[in-house]
Amino acid sequence: MTLISLVKTLNLTVRCCKEKLDCNVTGGYIGDLLSDVIANSDKGNVWITRQSHQNIVAVAELKEHAGIILVRGREPEEETLEKAVKAGIPILSTALPGFEVAGRIYELIKR
Amino acid sequence: MVPTLKYKNTFPVEGGNFDNAGVISLQIKNIIRDMGFPDDIQRRAAIAIYESELNIISYARAGNINVRIAPHLICIDAADEGPGIEDIDRAMKDGYSTANDRIREMGFGAGMGLSNIKKCSDKFEIISETNKGTHLKILIDIN
Ligand SMILES: Nc1ncnc2c1ncn2[C@@H]1O[C@H](COP(=O)(O)OP(=O)(O)OP(=O)(O)O)[C@@H](O)[C@H]1O
Ligand SMILES: [Mg+2]
């Protein structure tokens with residue numbers, strides 16, 4: 001499953017790095033605690049979170065995430081977008097709650 | 001015998017400044033990757049440095065992270081001037097945190113950092129003196 005098809009199916013808003021969406025998504029991780037995400041997420045995951053501040057970018061870059069999905073109407077802060085563009089980490093957003101986003105992505109990836 | 005170092009560097013860390021949190025970890029991870037070390041080593045070093053860096057930023061006034069890389073060993077020393085850790089056993093417990101609201105709002109303060117470091121290292125030692133500072137000694141074996 002590529003990130004671009006995930007974006008289309010869930011109708012996510014692309015906030016940056018449009019050109020980086022054809023990567024493969026290996027799975028997902030949902031969490032708002034950075035130490036948890038650092039320890040337990042994997043390379044190629046999409047990270048589903050409500051954290052929108054600039055520190056999420058370093059975590060995603062370190063873990064080589066495919067992208068970050070901000071849920072429940074969260075939008076990235078200005079510094080977050082600047083850092084994400086530099087790091088080449090796509091930031092996507094949606095009004096959907098994390099539970100639904102995770103459930104739908106799980107179904108899509110399982111196939 | 002002292003092994004020949006492939007790399008060594010010391011990075012200053014400013015307490016209270018979250019703006020560039022994670023940069024040291026990222027830089028070292030890239031260096032380790034370019035040296036051809038396996039994914040697992042990259043991952044463990046990155047996590048250990050990230051958590052060390054964040055603890056200095058979160059709790060101390062200032063600190064330094066020293067990284068030395070030898071062919072079979074990565075050595076990370078994170079030393080700070082700060083409040084120190086009063087009860088190290090308690091600080092090591094998953095879930096124990098003294099992080100303030102500002103830090104927690106950002107998603108830090110899960111109380112997982114030190115135990116993450118422990119899981120990622122082959123040898124981990126904490127030396128700390130109250131009102132002076134903390135020194136983490138981390139070794140990662142490569143084989
Ligand atoms: N360098 C330090 N100086 C002073 N106290 C520290 C230092 N590092 C850790 N501590 C103390 O140990 C506690 C546990 O640290 P740990 O890194 O495990 O969790 P945390 O920083 O609270 O949360 P997390 O790392 O999950 O974001 C901290 O809340 C703090 O009280
Ligand atoms: Mg910590």
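In the text below, chain A, chain B and the rest are named by the order of the sequence lines, each starting its count at 1.
Neither the backbone nor the side chain of B:Asn30 comes within contact range of chain A, judged by heavy atoms closer than 4.5 Å. Of the two parts of B:Tyr50, only the side chain, counted from C-beta on, holds a non-hydrogen atom closer than 4.5 Å to a non-hydrogen atom of chain A. Only the side chain of A:Gln51 comes within contact range of chain B, judged by heavy atoms closer than 4.5 Å.
Looking only at heavy-atom pairs under 4.5 Å with chain A, the residue among B:Asp19, B:Leu54, B:Asn20 that has the most is B:Asp19. Considering only heavy-atom pairs separated by less than 4.5 Å from chain B, the leading option among A:Thr49, A:Ile38, A:Asp36, A:Val37 is A:Ile38.
Ionic pairing of B:Lys132 and B:Glu81 is not present here: no N-O contact between side-chain nitrogen and carboxylate oxygen is shorter than 4.0 angstrom. The pair B:Lys123-B:Asp141 does not meet the salt-bridge criterion, since no charged nitrogen lies less than 4.0 angstrom from a carboxylate oxygen.
Residues B:Ile74 and B:Ile69 have side chains in contact (heavy-atom distance under 4.5 Å, counting atoms from C-beta outward).
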* In sequence, state the C-alpha distance, the side-chain angles, and the governing distance for B:Lys29 and A:Glu64, and then conclude on salt bridge (charged side-chain N to carboxylate O under 4.0 Å, His left out). => CA-CA 11 Å; B:Lys29 184 180 180 236; A:Glu64 299 173 48; 2.4 Å; yes

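At a cut-off of 3.5 Å, with distance as the only test, a side-chain donor of B:Asn66 or B:Thr10 sits close to an acceptor on the other residue.
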